[in-house]
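Naming: A, B, ... by sequence-line order, numbering from 1 per chain. Quick caveat, the model's predicted, so the values are computed rather than measured.
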Amino acid sequence: MKLEMKLNGKDVSFEIAGPELLLDLLRDNGYFGAKRGCDNGDCGSCAVQVDGKSICSCIYFAGQAHGREVTTIEGLGTMEHPHALQETFVECGAVQCGFCIPGMLLSAKELLDECPNPKDADIREALDGNLCRCTGYTKQFEAVKVAAKRIIEGKSKGRKPARGGKSR
Amino acid sequence: MLRNLKEFHYPATVAEALAILQRFDSRASVIAGGTSLGRTDDAKIEAMVDISRMGLAFLKEDKVSLRIGSTNPLQALARSRKLGVFAGGLLARAAASQPSRLLRNAMTLGGSIVLSTPWAEMPPALLTLDAKMIIAGEIEKIIPAEEFIGDSKYRVLGRSEILTEVRVPREMASWRSGYSVFARTRTDPAMVIASVALLEDRGTCAGARIVLGGITRRAIRCPAAEKKLVGKKLAPQHFAQAARAAVGGIEVVVDWRASREYRLQVAEVVMRRTLAACWSDGKEGAR
């Protein structure tokens, strides 16, 4: 069956099998940012945004994304022009092995898009579906706070749509 | 895996969705959030009918009911200001008790009801608030939560029926509520859910609706516990009596996590605390 969607701002179409999951479709097509972790919707390392809402792509049929807008970490920023969240995650030491970070960044972006000046409880709630096994959560929490402040103060591009560079 | 799934349909209206379901008979499945279907193994399913684009994510009130569309994601319910104050915020707290934002974004009210696992978040709260399920099919059916949630014949809807809406009586808006979840960890399925609503009239308990979930196969009302409270000026001993009555004679679901005895003991404690907190300030938090 034919799947049409907007992927990182570009109209794309794929020929998919009915049971194909969004995570498989993305990774088979070179979008390696979404990671296969638990394969069960528990860990959040496969998170991508569908119409601005972060979901677990490992339990989400590709067919559900038809006609919708999908954003992966490749669409958030580039090496040359990282998103404010990507800058602050690095600056705050929030990244260790990095496996959970794409999902966590997309969850954090959803939060800042909806709530530019989040309270501490909002940040905890926004990241509660993303598990990290290296750093704990303190530094990531701090990074989201700093990014929010930076975006509000206009020191970073924040929501600027980025192009879909692919990375492994 | 749904290895024979070949097509997705994206109806814009309930009528269109019903027509597709009828055409496929038992070979089609309704999908909204899809969080459980991705892991389902059913060779019969050839088509998915995606009901998430039919305008069923509404939340409105009429003269008698709060009307909640079935494809509202749990996250929308958890963040809704209206649900945050209705009956002490019971429905919002129930939705927020699903521990992952990523899943709350996808899981829907309808999915939580229809799948109705023992640990499903919404059925205990809907039973507590005397909700009604609106089912679209050849004829529209209105089924009380007590019947819908408690009876296996409605567990799987008719092959060409869709749960479109839940209606909660507006008279429940002023009741106090409590909702507590006990689980091994925050992300583990609930072993006990205590969902309660109490109505106060000049210091006396004028109404009680007490529901247990998690520990039983399906959420159940506890009329014996309710009788311990109604008509009384409530004190701690009443909550203890009601909690004991709530767990009396229930059929406990047991798995490797904990024994029947442990669950019963925990359930009694959780229920007692939930009732006490509900009566004192209505702010007993989920989890």
Any donor-acceptor N/O pair, A:Gln64 side chain to B:Gly33 backbone, under 3.5 Å: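 Yes: the side chain of A:Gln64 pairs with the backbone of B:Gly33.
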Student check: side-chain heavy atoms of [X] and [Y] closer than 4.5 Å:
{"X": "B:Asp50", "Y": "A:Phe61", "result": "no"}
{"X": "A:Asn130", "Y": "B:Arg101", "result": "no"}
{"X": "B:Arg53", "Y": "A:Arg68", "result": "yes"}
{"X": "A:Tyr60", "Y": "B:Thr35", "result": "no"}
{"X": "A:Asp128", "Y": "B:Arg186", "result": "yes"}
{"X": "A:His66", "Y": "B:Phe8", "result": "no"}

Heavy-atom contacts under 4.5 Å, residues 42-57 of chain A to chain B: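 The residues closer than 4.5 Å to chain B, in numerical order, are A:Gly44, A:Ala47, A:Lys53, A:Ser54, A:Ile55, A:Cys56.
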Considering only heavy atoms, which portion of [X] lies under 4.5 Å from any heavy atom of chain A: side chain, backbone, both, or neither?
{"X": "B:Leu2", "answer": "both"}
{"X": "B:Ile31", "answer": "side chain"}
{"X": "B:Arg104", "answer": "side chain"}
{"X": "B:Ser52", "answer": "both"}

Hey, could you give me the [atom1]/[atom2] distance between [X] and [Y], rounded to the nearest 0.5 Å?
{"X": "A:Met104", "Y": "B:Leu102", "atom1": "CE", "atom2": "CG", "result": "10.0 Å"}
{"X": "A:Ile59", "Y": "B:Leu37", "atom1": "CD1", "atom2": "CG", "result": "10.0 Å"}
{"X": "A:Met1", "Y": "B:Lys6", "atom1": "CE", "atom2": "NZ", "result": "12.5 Å"}

Chain B interface, residue from A:Gly129, A:Gly103, A:Gly67 that has the most non-hydrogen pairs under 4.5 Å: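 The residue among A:Gly129, A:Gly103, A:Gly67 with the greatest pair count is A:Gly129.
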Chain B interface, residue from A:Pro19, A:Ala126, A:Ala17 that has the most non-hydrogen pairs under 4.5 Å: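 Winner by heavy-atom pair count: A:Pro19.
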Under the salt bridge (Lys or Arg N to Asp or Glu O under 4.0 Å) test, residues paired with A:Asp28 that sit two or more places apart: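 Checked A:Asp28 against salt bridge (Lys or Arg N to Asp or Glu O under 4.0 Å); zero matches.
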Residues of residues 75-83 of chain B with any heavy atom under 4.5 Å of a heavy atom in chain A: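 Within residues 75-83 of chain B, the residues that come under 4.5 Å of chain A (heavy atoms only) are B:Gln75, B:Arg79.
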Positions in residues 14-30 of chain B that reach chain A, provided some heavy atom is under 4.5 Å away: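 Residues of residues 14-30 of chain B touching chain A at under 4.5 Å: none.
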